Amino acid sequence: MKLPRISINYQVFIPLALLFVILAVLFPRTAKFSYDYRKGSPWPYETLIAQFDFPILKTEEQLREERSKNKSVEIPYYRFRQEVVDNTKKGIDEADLGNMSRMRPQIVSAIEGVYSSGVVSDEGVKIDKGEDPSTAVLYLHRDKRVSKRPVSEVYKESEAKAKLLSEVSVKYPSSNVDSVLRSAGIYDLISPNLEYDSRTTDLVNSESSAQISTTQGFVSAGQLIVSEGEIVTSEIAQMLDSYKVEYENSMGYGGPRILFWLGNATIALVLTVLLYLLTYFLNKRIFREKNRFWYLLTVFLIATVATLVVNKFAPKFLYMVPFTLTALFLEAFFKNKMNLPICLVSFMPLLIFPNNGVVLFVMFTVASVVGVFAFKYFNRGWQQFITAMIVFISLVITYFGFRLIGRVNDDPYTSVLFMFVGSMLTVAGYPLIYLFEKVFNLVSDSRLRELCDTNNPLLRELEHKAPGTFQHSLQVMNMCDAAARAIDANALLVRAGALYHDIGKMQNPLCFIENESMSPGGARYHEGLSAKESAENIIKHVTDGMELAEKYKLPDVVKDFIRTHHGTSNTGYFYNKYLNEGGDPRDVDSFFYKGGEPKTKEQIILMICDSLEAASRTLKDTSPEAFDAFVENIVAGKMKMGQFDKADISIRQLNIVKDVLKNYLSQIYHERIVYPNRQK
């Protein structure tokens, strides 16, 4: 038997190159915060000093607590009046300071500093009653820009005068500055330069009855965040979380951009090569099946794009993304041994880019393995919701496992809700399988299971019109199933092929010996026909089967079983009869099938089982030796006729198939003891 050599065409690398480019372009443009830390554990890195100013963000728990109070806080809106500043400075320039005129520059400088912070009347900033002035803020409109400013930084009129006196006195400690300022009327020149805008205040605050600040403090550049070896407390963790947000939003990568792009390209290349190598070692035959290869890359790309897009715009929604569908999409068209490795590569962007990537990676890997296992038992109709609930439970258990060891500290209620929604989206998204079937011209396991249901209309019609053929098909299906499982072939596919391989016989059922019991009066169909006519009628069941397959829209992979189950062999009985009766050996084309040799191991299994099941009915000897010789002769005959020359099956696999079928036949046709008659 000639074994085909799988060669990798250069065209395989075109979609891989396209995948590499897409990944390199989609990868984030900013660097990730490179420190990993946990509350209650020592800080394992060097002492961390803030490189820039950043606000301390409130935690989800703090924000939730503030929202629960439902306290309406109105933030006042003030306008900066530059004309007040200018008039005050003009008045100082014109004031008579007598022999202390040297104080004038210091007075101007001090008053500018005071006005820069803002001055209001002694009534103070209009804040809500009961609100803490130390944490209250106001909106300040200055130079066509609006900013928030703590109320504690704004001066009242009396405070502004005291600040002016303090600053000037520092420069002139030996002089009676207060007397100079009073006599020159400087104090009288100070007036509020922040004007309360009630109309804008009402407008700004009308959209929400509860204005809640998301920050609760500020860290300046150069300030210590955490020292090496210091325990990461809740307060330090909050500062680190805030620093990380500001770092990734504002700073990011600080080196040359070309190096950052090179790093992205390297990671994209690693993922692409890893995907290629896994496919090569697990099932390199996929490279020859362009539709399956493109589908594999598409599923990988969908998982990667979902990770990158959601992580960029709404990271907290990553819990809601139904990543488990990746495993189910793969399970539908590939063998189990491919699912987990490809899933792991597809989930690697989760491991690399999100902040809690390790948690997400492990969660969805566990959920995918559990989901594929559960789907084998709960895959029809409403049962898919059982699979979704099993996936949800596995996600929650894994999540809280990480939470107990302090690896996650987000809002558990929101996270669990998102996981539940994502699990339900698994059910909602699974019907995309049928779209992929059409787009990539594939056949899913779900479709094969439907085809193997003997209650479908085409098989019911076969049972009605050709019951003998139907029973033969069932026996062949069971034999094929046993052989396929022994060599890790696609058992579900070969079962479907076995059920439909002879459907063409129902167009002329009496032509075949297994249906002769239906013949009226016991008449034999082939009586009166020449050997050539009989052969042509028998061979016609292949073309009739292909026509029925087209009519009932059977998948191409099932049609291939109909077309190749006899390969290019001949109708042995009538072929030999023709030659024995003196027929011309050069005119035997009518006795040969035109379906083409089988190419896959599944098609080979069907060809062997079909021949064995039909011929086994003529066996008289049911000893193990007889079955051994019987199977060997059938297989050797097929090989001699060149039926296995194009097949993707090894000698070792073929020997396993033969051993399984010998054992199967011996169990079916074993000897039975003769029951004695009861003596009176």
Side-chain angles (χ1 to χ4, degrees), residues 1-2 462 465-466 468-469 472-473 475-476 479-480 497-498 500-516 518-519 523-550 559-600 603-619 629-647:
M1 181 178 62
K2 181 182 177 182
L462 174 64
K465 291 183 177 180
T469 298
H472 160 73
S473 298
Q475 289 292 338
V476 172
M479 294 173 69
C480 287
Y500 292 90
H501 78 284
D502 272 345
I503 56 171
K505 289 183 178 180
M506 69 180 179
Q507 300 293 72
N508 189 12
L510 298 181
C511 178
F512 303 92
I513 191 169
E514 66 264 24
N515 299 311
E516 279 191 350
M518 298 173 57
S519 178
R524 294 181 177 274
Y525 180 87
H526 293 281
E527 289 182 0
L529 297 179
S530 66
K532 182 177 290 190
E533 290 172 333
S534 294
E536 289 173 346
N537 285 342
I538 288 176
I539 289 174
K540 193 173 185 296
H541 84 275
V542 174
T543 54
D544 287 343
M546 293 298 290
E547 290 174 1
L548 284 171
E550 289 288 344
K559 293 177 188 175
D560 289 339
F561 285 101
I562 299 172
R563 180 177 54 82
T564 65
H565 73 278
H566 286 295
T568 56
S569 61
N570 57 52
T571 54
Y573 177 85
F574 293 107
Y575 175 71
N576 293 331
K577 179 182 178 182
Y578 172 76
L579 294 177
N580 292 336
E581 291 175 350
D584 186 357
R586 294 170 298 181
D587 185 23
V588 293
D589 187 63
S590 300
F591 294 91
F592 285 83
Y593 290 91
K594 308 297 189 299
E597 296 90 345
K599 295 181 179 179
T600 67
Q603 293 169 7
I604 287 292
I605 289 172
L606 176 60
M607 173 180 277
I608 294 173
C609 293
D610 183 39
S611 298
L612 287 176
E613 202 285 328
S616 64
R617 299 177 185 275
T618 63
L619 285 174
F630 172 67
V631 172
E632 292 290 346
N633 289 336
I634 292 290
V635 173
K638 297 295 182 185
M639 293 180 67
K640 185 177 180 180
M641 287 187 286
Q643 299 306 297
F644 299 170
D645 287 354
K646 298 180 180 179

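What you see is a predicted model, and the numbers here were worked out from it, not measured in a lab.
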**Q.** Inter-residue atom distance Asn570.CG - Met641.CE, 0.5 Å rounding
**A.** 6.0 Å
Q. What do you reckon, is CD1 of Ile513 surrounded by more than 12 foreign heavy atoms closer than 6.0 Å?
A. no
Q: Return the minimal non-hydrogen interatomic distance between Asn537 and Cys511, and the atom names on each side.
A: CB-SG, 3.8 Å
Q.
Using only atom types and a distance under 3.5 Å, with no angle test, would you say the side chain of Glu613 pairs donor to acceptor with the backbone of Cys609?
A. no
Q) Between CZ of Phe512 and CD1 of Ile538, what distance do you get to the nearest 0.5 Å? A) 6.0 Å
Q | Parallel, tilted or perpendicular: rings of His501 and His565 (30°, 60°) | A | perpendicular
Q. Once you round to the nearest 0.5 Å, how far does OG1 of Thr568 lie from NZ of Lys646?
A. 8.5 Å
Q. Any chance the side chains of Lys638 and Ser611 put a donor and an acceptor closer than 3.5 Å?
A. yes
**Q.** Derivation of the side-chain contact (heavy atoms from CB on, under 4.5 Å) call for Met506 and Thr469
**A.** CA-CA 8 Å; Met506 69 180 179; Thr469 298; over 6 Å; no
Q | Student check: side-chain heavy atoms of Thr571 and Tyr593 closer than 4.5 Å | A | yes
Q: Determine whether more than 12 heavy atoms belonging to other residues, nucleotides or ligands lie under 6.0 Å from atom NZ of Lys559.
A: yes
Q: With side-chain contact (heavy atoms from CB on, under 4.5 Å) as the test, would you mind laying out the steps for Thr600 and Ile605 before giving the verdict?
A: CA-CA 9 Å; Thr600 67; Ile605 289 172; over 6 Å; no
**Q.** Ring centres under 6.0 angstrom apart (Phe592, Tyr575)
**A.** yes
Q. Is a side-chain donor-acceptor pair under 3.5 Å present for Asn508 with His541?
A. no
Q | Shortest non-hydrogen separation from Cys480 to Ala498 and the atoms involved | A | SG-CB, 4.3 Å
Q. Is the gap between the ring centers of His526 and Phe574 under 6.0 Å?
A. yes
Q) At what distance, to the nearest 0.5 angstrom, does CD1 of Ile608 lie from CD of Gln643? A) 11.0 Å
Q: For the residue pair Asp560 and Arg563, establish whether any side-chain heavy-atom pair is separated by less than 4.5 Å.
A: yes
Q.
For a quick test of reading the model, state the closest non-hydrogen atom pair linking Leu548 to Gly504 and the distance between them.
A. CD1-CA, 4.2 Å
Q) What is the minimum heavy-atom distance between Ile562 and Ala549, and which atoms define it? A) CD1-CB, 3.9 Å
Q: Tell me whether the centres of the aromatic rings in Phe591 and Tyr578 are closer together than 6.0 Å.
A: yes
Q. Less than 4.5 Å apart, any side-chain heavy atom of Asp502 and any of Val476?
A. no
Q.
Under a 4.0 Å threshold between the charged nitrogen and the carboxylate oxygen, would Lys532 count as salt-bridged to Asp587?
A. yes
**Q.** 4.5 Å side-chain heavy-atom contact, Lys594 and Asp589
**A.** yes
(Q) Using side-chain heavy atoms (C-beta onward) and a distance below 4.5 Å, is Asp645 in contact with Met639? (A) no
Q) Taking the side chain as C-beta and beyond, is there a heavy-atom pair between Phe644 and Ile604 under 4.5 Å? A) yes
Q. Say you draw a straight line from OG of Ser473 to CG of Leu606; how long is it, rounded to the nearest 0.5 Å?
A. 9.0 Å
**Q.** Candidate pair Glu550 and Met546, rule side-chain contact (heavy atoms from CB on, under 4.5 Å), full reasoning
**A.** CA-CA 6 Å; Glu550 289 288 344; Met546 293 298 290; 5.6 Å; no
Q) Could you go step by step and tell me if His566 and Met607 meet the side-chain contact (heavy atoms from CB on, under 4.5 Å) rule? A) CA-CA 6 Å; His566 286 295; Met607 173 180 277; 5.7 Å; no
**Q.** Minimum heavy-atom distance Ala615-Ile634, with the two atoms named
**A.** CB-CD1, 4.3 Å
Q.
Within this structure, what is the CD1-NZ distance for the pair Ile503 and Lys505, rounded to the nearest 0.5 Å?
A. 12.0 Å
